[in-house]
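In this text, all values refer to a predicted model and were calculated from it rather than measured experimentally. Order of listing sets the numbers, starting from 1, for every ligand and every atom in it.
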Amino acid sequence: MPRQHAEFYEQQSMFYVGGRDATGQPWASVLAGRPGFVSAPDSTHLLIQSYRRLPEDPVLLAPGAHVGGLGIDLATRRRNRVNGTVQAAGAEVRLGVDLSFGNCPKYIQVRDVRLRLDQLPPLPAATRPPAAAAAARATAAGGAAPPPHPPPQLHPEAGAVVRGGGEELGPAQLALIARADTFFIATGYSRSPAAGGSVLQNAVGCDVSHRGGPTGFLRVERDPQGSPAPVLRWADYAGNNMFQTLGNLATDARAGLLIVDWATGDTLQLAGTAETDYDDRSLPGAQRSVRFSVSQFIHAAGALPVDTSAAAAAPAVQFSPYLPKEAPPPLAPPEVWTSRVGAPLDGAAAAAAAAAAAAAAPAPAEQVEVVSVRWAAEGIKTFEFAMPKQQPASYRAGQYAVFEFPACYERPAADDPPAATPAATPAATAASCCCGGTVTRTWTLTSHPAADSAARGTFSITVKRAGAVSGRLHDSLRPGDRLPLRAFAGDFTSDLVLPPAPATPVAAGGGADAEMLDVGLDPRQQHLVLLLAGGIGVTPIWAVLRDLVQRDAAARAAVAGGGGGAGGGPRQRVVVLYSVRRGEEAAFREELRQLAEAAAAGADGAGGLDVQVLLTTTVPTPGVEPGTAAAAAVEAAVVLAARRGGYVEAAGVRLGAALVSAALGPAGLAALRGGRCAAMVCGPVGFMAATEQALVEELGLPADSLFSESFAF
Ligand SMILES: Cc1cc2nc3c(=O)[nH]c(=O)nc-3n(C[C@H](O)[C@H](O)[C@H](O)COP(=O)(O)OP(=O)(O)OC[C@H]3O[C@@H](n4cnc5c(N)ncnc54)[C@H](O)[C@@H]3O)c2cc1C
């Protein structure tokens with residue numbers, strides 16, 4: 001388990017689990033505690049202590065039980081998963097971690113859920129408090145400091161619990177299902193009973209996974225087989241293609257669902273069996289659908305101590321831009337399930353759910369016009385568009401644009417039916433496409449929100465030709481064409497690495513720099529920004545760098561305009577390490593060179609930043625030994641580190657700890673180790689893993705100072 005994951009779990013106040021009951025039936029559940037209640041004593045264990053369980057939770061947390069765990073920060077869409085085996089249980093649960101992995105955040109709805117600290121057991125005195133901001137999302141009542149003494153009741157009664165068979169689901173449970181935009185699903189796999197052993201001994205693995213969709217994406221339908229219990233059906237969207245949940249279901253149909261009412265803390269656990277229909281694309285956005293027959297439920301009122309005080313009142317839910325915008329079709333009368341208990345989910349309840357779904361549905365895509373197309377590097381083009389007239393009106397540097405295409409775009413253009421007119425463009429094709437359904441694609445905004453979008457009224461994306469959809473853009477998108485833009489979104493922005501505001505503006509002429517250098521405190525190293533890009537992963541890195549430059553220049557201009565001279569604080573150092581296979585494939589190569597050379601010359605082009613860029617190409621240079629190339633690269637990096645800005649290229653070498661360390665120099669390395677450095681990395685999966693290993697494991701960057709974005713789905 002990487003340290004980044006371990007520290008993430010330590011910041012959470014909720015830990016979702018998938019486990020089995022005594023019969024082997026999987027259930028999804030959640031444990032709650034003060035941040036720090038889940039900790040990682042080492043890289044292969046999680047320790048869960050001082051936790052609060054859901055009332056009557058059937059999940060067995062007994063030694064030998066296989067469980068899946070999920071940490072998810074709904075406010076930032078970060079999530080990580082583990083699979084493991086309970087080694088010790090009781091007041092403390094010790095989990096041996098077999099597998100730990102990050103997960104795609106695509107369908108997560110952003111919401112700020114806070115638990116009341118005074119309703120959660122105090123942590124043991126020796127527990128190290130978690131460092132990061134997410135921990136602050138657990139609040140004491142009314143936002144006050146936690147009570148100095150343990151509250152009188154550590155595990156308060158959570159209120160009424162209703163349980164029953166699927167056919168006994170009533171209006172309260174159906175309303176919760178109808179309002180859901182998020183649920184958690186537990187599945188598992190087992191050895192064949194032929195192997196002998198008890199049900200639990202044969203149960204091998206268990207997973208818990210998140211599912212998100214528009215409000216009402218869980219449809220309550222009548223069981224076509226005639227069972228009195230309902231079937232819940234949902235669209236399975238394009239995901240990370242890992243298929244853990246669907247893979248488990250293929251071997252063991254039993255599954256458990258957990259739905260949380262985020263406003264009240266009510267929980268609904270459902271158990272049953274699920275079946276994947278790989279051909280059912282009838283629901284909006286569906287690659288396939290899943291049908292879940294409910295056999296049991298447990299509905300616990302106020303099971304999670306959600307802070308409902310005005311101080312913690314949750315802002316509106318921010319729906320994922322990846323959700324399909326079309327509402328699911330209404331159920332035909334023979335499909336409507338009628339509960340034996342109380343009213344069926346029809347009439348007013350169905351109308352209310354539909355209204356909620358409509359209100360929550362993301363805005364329809366707006367057609368934005370292509371203004372220009374130009375080559376950015378070999379196999380990479382920059383497409384410039386007119387800004388949308390409606391929302392989204394702006395974006396932050398590092399965010400991405402989400403476009404929507406007809407589903408047939410995932411096939412090569414050669415398979416298209418003949419175009420209606422010779423002038424058919426992607427947009428025209430979209431209108432005439434007969435395949436039904438849509439797919440989304442995401443590209444980072446490489447324009448600047450102020451310098452380009454506010455000033456010129458355009459935004460740009462820079463796209464590498466990769467598969468079917470990017471290939472179509474490369475081949476057919478021309479000025480005047482239009483594409484449907486769904487949203488600007490993303491959290492991988494320059495805000496992550498902005499320096500803390502200087503306490504007092506510094507006087508003109510770099511005098512403060514000189515003074516501080518005199519006393520041995522190099523202000524350039526007070527907040528070091530390290531930007532690492534692999535291949536097309538340069539797009540957000542370039543956007544962030546440009547924003548840092550723009551902000552710094554604006555801050556200095558403001559100080560100068562206010563009579564403070566040309567200074568705006570100590571010069572800040574930004575080191576960019578960019579790796580490509582060949583130089584011709586490097587987008588923004590010339591722009592980076594100009595910016596870094598302007599910095600080296602002390603010119604205005606780089607604002608007041610000391611921008612140092614090292615571009616490495618990995619394809620070996622014929623006739624040059626890899627060792628010689630690596631030594632030359634380190635030498636070039638050492639020279640660069642000693643300068644105030646500058647640009648160098650090194651051939652036939654991969655980025656590793658030695659090269660990063662040379663590029664930072666001793667002072668930069670001290671900043672990196674001393675918590676005065678923020679790093680952003682984006683690139684292919686292997687590049688990001690190697691970079692994280694070099695920065696965190698080998699060079700000692702605190703894991704919570706490293707921010708990464710993956711382009712992989
Ligand atoms: C946050 C982010 C920013 C990105 N920024 C850039 C960028 O600046 N420049 C760039 O060239 N690429 C970028 N990408 C990658 C880009 O989104 C596409 O994956 C890439 O262009 C290949 O798409 P394709 O359709 O041509 O390839 P294909 O091979 O047809 O698709 C790639 C595979 O990924 C899946 N996939 C890709 N995108 C999505 C999606 N949005 N939703 C569901 N499944 C998807 C497809 O189903 C397919 O399996 C970014 C990706 C992410 C996640």
Say whether, by atom type as modelled, one donor and one acceptor occur between the side chain of Gln109 and the main chain of Asp181 under 3.5 angstrom. yes
Can you figure out which of Thr440, Thr539, Thr462 has its heavy atom closest to atom 9 (N) of ligand 1? Thr462
Do the two ring centres, one from Phe588 and one from Tyr578, sit under 6.0 Å apart? no
Which of these, Thr444, Thr382, Thr442, Val538, has its nearest heavy atom closest to atom 14 (N) of ligand 1? Thr442
Geometric N/O contact Trp443 with ligand 1, under 3.5 angstrom: yes
Looking only at distances, can you tell me whether any N or O atom of Lys464, backbone or side chain, sits closer than 3.5 Å to an N or O atom of ligand 1? yes
Give a yes or no on whether the ring-centroid distance for Phe403 and Tyr409 is below 6.0 angstrom. no
Please compare Glu404, Gln287, Arg441 and report which has the shortest non-hydrogen distance to atom 38 (N) of ligand 1. Arg441
After noting the C-alpha distance and the side-chain angles of Phe383 and Trp443, does the key distance pass the ring-ring contact (aromatic ring centres under 6.0 Å, His included) rule? CA-CA 10 Å; Phe383 301 91; Trp443 292 287; 8.1 Å; no
With the threshold set at under 4.0 angstrom, would you say Ala468 reaches ligand 1 through any of its heavy atoms? yes
Applying a heavy-atom cut-off of 4.0 Å, say which part of Arg465 lies close to ligand 1: side chain, backbone, both or neither. neither
Is there a donor-acceptor pair under 3.5 Å between the side chain of Arg486 and the backbone N or O of Val402? no
Would you mind listing which atoms of ligand 1 come within a distance below 4.0 Å of any non-hydrogen atom of Ala466? 22 (C)
What do you reckon, does Gly467 have a nitrogen or oxygen under 3.5 Å from a nitrogen or oxygen of ligand 1? yes
Let me have the donor-acceptor pairs involving side chains of residues 681-697, under 3.5 Å, with sequence neighbours excluded, atom names and distances please.
unit_1	atom_1	unit_2	atom_2	d
Thr691	OG1	Phe687	O	2.5
Gln693	NE2	Glu698	OE2	3.4

Ignoring hydrogens and angles, tell me if any N or O in the side chain of His527 forms a donor-acceptor pair with the backbone of Val497 under 3.5 Å. yes
Just go through Phe405, Tyr400, Phe711, Tyr322 and tell me whose heavy atom is the nearest to atom 6 (C) of ligand 1. Phe711
If we only consider heavy atoms of Ser710, is any one of them less than 4.0 Å away from an atom in ligand 1? yes
Ile536 heavy atoms, cut-off 4.0 Å: which ligand 1 atoms fall inside? 9 (N), 10 (C), 11 (O)
Describe, in one word, how the ring planes of Trp234 and Phe292 are oriented to each other, choosing from parallel (under 30°), tilted (30 to 60°) and perpendicular (over 60°). tilted
State whether a side-chain donor-acceptor pair under 3.5 Å links Ser447 with Tyr395. yes
I need the atoms of ligand 1 closer than 4.0 Å to a non-hydrogen atom of Glu709, numbered in the order shown. 1 (C)
